[in-house]
2 protein chains.
Amino acid sequence: MNYLTKYRSILIYGLSLAAALFLMKWLEWRFLILNHAFEIYAGIIALLFTGLGIWLAMKLSTPKIKIITIEKELAAEKTFVLNNKALNETGVSARELEVLELMADGLSNQEIAERLFVSLSTIKTHSSNLFFKLEVQRRTQAIEKAKRMELIA
Amino acid sequence: MNYLTKYRSILIYGLSLAAALFLMKWLEWRFLILNHAFEIYAGIIALLFTGLGIWLAMKLSTPKIKIITIEKELAAEKTFVLNNKALNETGVSARELEVLELMADGLSNQEIAERLFVSLSTIKTHSSNLFFKLEVQRRTQAIEKAKRMELIA
DNA sequence: CCTAAAATCAAACTAAAGTATGAGAGGCTG
DNA sequence: CAGCCTCTCATACTTTAGTTTGATTTTAGG
């Protein structure tokens with residue numbers, strides 16, 4: 001109780017000083033704000049529009065997965081080219097290739113003969129020549145090798 | 001010659017008028033610029049930073065090629081699952097699958113027998129049971145079907 | 001037009017592949 | 001532990017595959 005009355009003036013003075021200082025500081029801050037209002041505003045605009053730009057780019061950018069489909073198409077072409085190249089290199093004839101494809105489908109020589117309207121002998125001859133050209137002994141090997149060489153699918 | 005001296009005053013007057021008008025227009029434009037200097041500046045900033053945002057997005061967007069590798073990994077897992085699933089469905093045993101794989105590599109029954117250290121009879125029994133389970137008649141058909149079912153690679 | 005390659009066929013083999021049946025040794029499970 | 005499945009093997013047989021030789025007919029190219 002006593003202290004309060006005793007040092008009231010000092011207290012008031014101190015409080016006033018504190019308030020004044022606070023006011024000054026606040027005014028200084030206000031001044032800073034006002035003085036740099038343009039820069040701050042410009043900064044906000046810059047930030048906002050950078051965000052807008054990013055959003056736009058995300059929204060409008062075409063997905064990059066299209067590359068895959070292009071590769072697939074190229075692979076198809078490549079297969080065709082390799083087909084011809086391998087055919088020329090091995091010397092496998094068109095008819096022999098037909099027989100080879102049916103072999104790969106699991107048909108027997110008899111079934112292939114019926115499918116191509118020729119005799120069993122003919123298919124045996126074809127396959128024998130085929131094995132020689134592919135340097136294999138069995139039809140299973142021929143199928144395996146032909147697939148590796150991309151002669152057949 | 002005559003015309004020039006005759007209408008000099010008119011010409012001068014006209015030119016003065018034109019200059020004045022031009023000056024006014026120019027001043028008006030200047031005024032416009034000055035009056036809207038902030039908006040123009042803000043607009044330029046907006047444009048520039050929108051561009052920056054787009055550039056940033058383009059530059060920093062992660063390439064989507066990673067998805068491909070993920071798909072491949074998933075495919076590998078899927079194959080494993082399908083393998084087991086198909087194995088259970090067809091009832092093909094582990095040993096029969098071994099024989100099947102060697103068949104697909106083009107080996108003869110004799111070669112398979114030697115590779116697995118068992119007799120030719122055993123391989124014949126295995127393959128016969130295999131064909132029954134796969135509902136096929138020949139090894140070539142078995143290979144073809146097993147690959148379609150993803151029992152083998 | 002003529003020739004070389006490709007396609008066709010046949011016959012007589014040999015070598016694989018595939019079927020059918022039976023049987024023994026282990027291993028897992030109810 | 002009995003029953004079932006897998007793996008193993010054998011024997012005897014049928015069917016398919018593959019080779020060899022030789023021949024005729026198309027077909028495409030110089």
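Order of the sequence lines sets the chain letters (A, B, ...), proteins ahead of strands, with each chain counted from 1.
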Listed nucleotide nearest any side-chain atom of A:His126, set D:dC9, C:dA7, C:dC9: C:dA7
- line: Rounded to whole Å, the CD-P distance (A:Gln110 to D:dG18) equals 14 Å
message: Distance check needed: D:dT6 P versus B:Leu116 CG, whole Å only.
response: 18 Å
query: Side chains of A:Leu130 and A:His126: does their closest heavy-atom pair fall under 4.5 Å?
result: no
statement: Looking only at D:dT19, C:dA10, D:dC7, the nucleotide nearest the A:Ser121 side chain is C:dA10
- request: Please tell me which of the listed nucleotides, D:dT11, C:dT19, C:dC9, lies nearest to the side chain of B:Lys124?
  value: C:dT19
- request: Let me know the distance between CZ of B:Arg139 and C1' of D:dA17, rounded to the nearest Å.
  value: 11 Å
message: With a 4.0 Å limit, can you tell me whether B:Ser93 has a side-chain N or O closer than that to the phosphate oxygens OP1/OP2 of D:dT6?
response: no
- prompt: Taking OP1 and OP2 of C:dC9, is either one under 4.0 Å from a side-chain nitrogen or oxygen of A:Ser119?
  reply: yes
message: Would you say that B:Arg139 contacts B:Leu100 through its side chain, given a criterion of any heavy-atom pair below 4.5 Å between the two side chains?
response: no
- prompt: Does a side-chain N-to-carboxylate-O contact under 4.0 Å join B:Arg148 and B:Glu144?
  reply: yes
message: Nearest 0.5 angstrom please: B:Ser93 OG to B:Lys133 NZ, how far?
response: 5.0 Å
message: Please classify the nucleic acid contact of B:Ser127 as base, sugar-phosphate, or nothing, using heavy-atom distances under 4.0 Å.
response: nothing
query: Roughly, in whole Å, what's the span from CD in A:Gln141 to C1' in D:dG18?
result: 13 Å
message: Just the rounded figure in Å: distance from P of D:dT16 to CG of A:Leu120.
response: 10 Å
query: Rounded to whole angstroms, how far apart are CG on A:Leu100 and P on D:dG18?
result: 12 Å
- request: Specify the separation, in whole Å, of atom CZ of B:Phe131 and atom C1' of C:dA20.
  value: 15 Å
- request: Choose from C:dC9, D:dA10, C:dA7 the nucleotide whose nearest atom is closest to any side-chain atom of A:Ala94.
  value: C:dA7
- prompt: Does the side chain of A:Arg138 get closer than 4.0 angstrom to OP1 or OP2 of D:dA17 through an N or O atom?
  reply: no
message: How many whole angstroms separate atom NZ of B:Lys133 from atom P of D:dC5?
response: 10 Å
message: Using side chain to side chain donor-acceptor pair (under 3.5 Å), reason through A:Ser128 and A:Thr125 one step at a time and then give a plain yes or no.
response: CA-CA 5 Å; A:Ser128 210; A:Thr125 307; over 6 Å; no
task: Just call it for B:Ser108: base, sugar-phosphate, or nothing, with non-hydrogen atoms closer than 4.0 Å on any strand.
output: sugar-phosphate
B:Asn109 side chain near C:dA17 phosphate (N/O to OP1/OP2, under 4.0 Å): yes
message: Does a side-chain N or O of A:Thr122 approach OP1 or OP2 of C:dC9 to a distance below 4.0 Å, or not?
response: yes
message: Of the options D:dG18, D:dT8, C:dT8, whose atoms approach the side-chain atoms of A:Ser128 most closely?
response: D:dG18
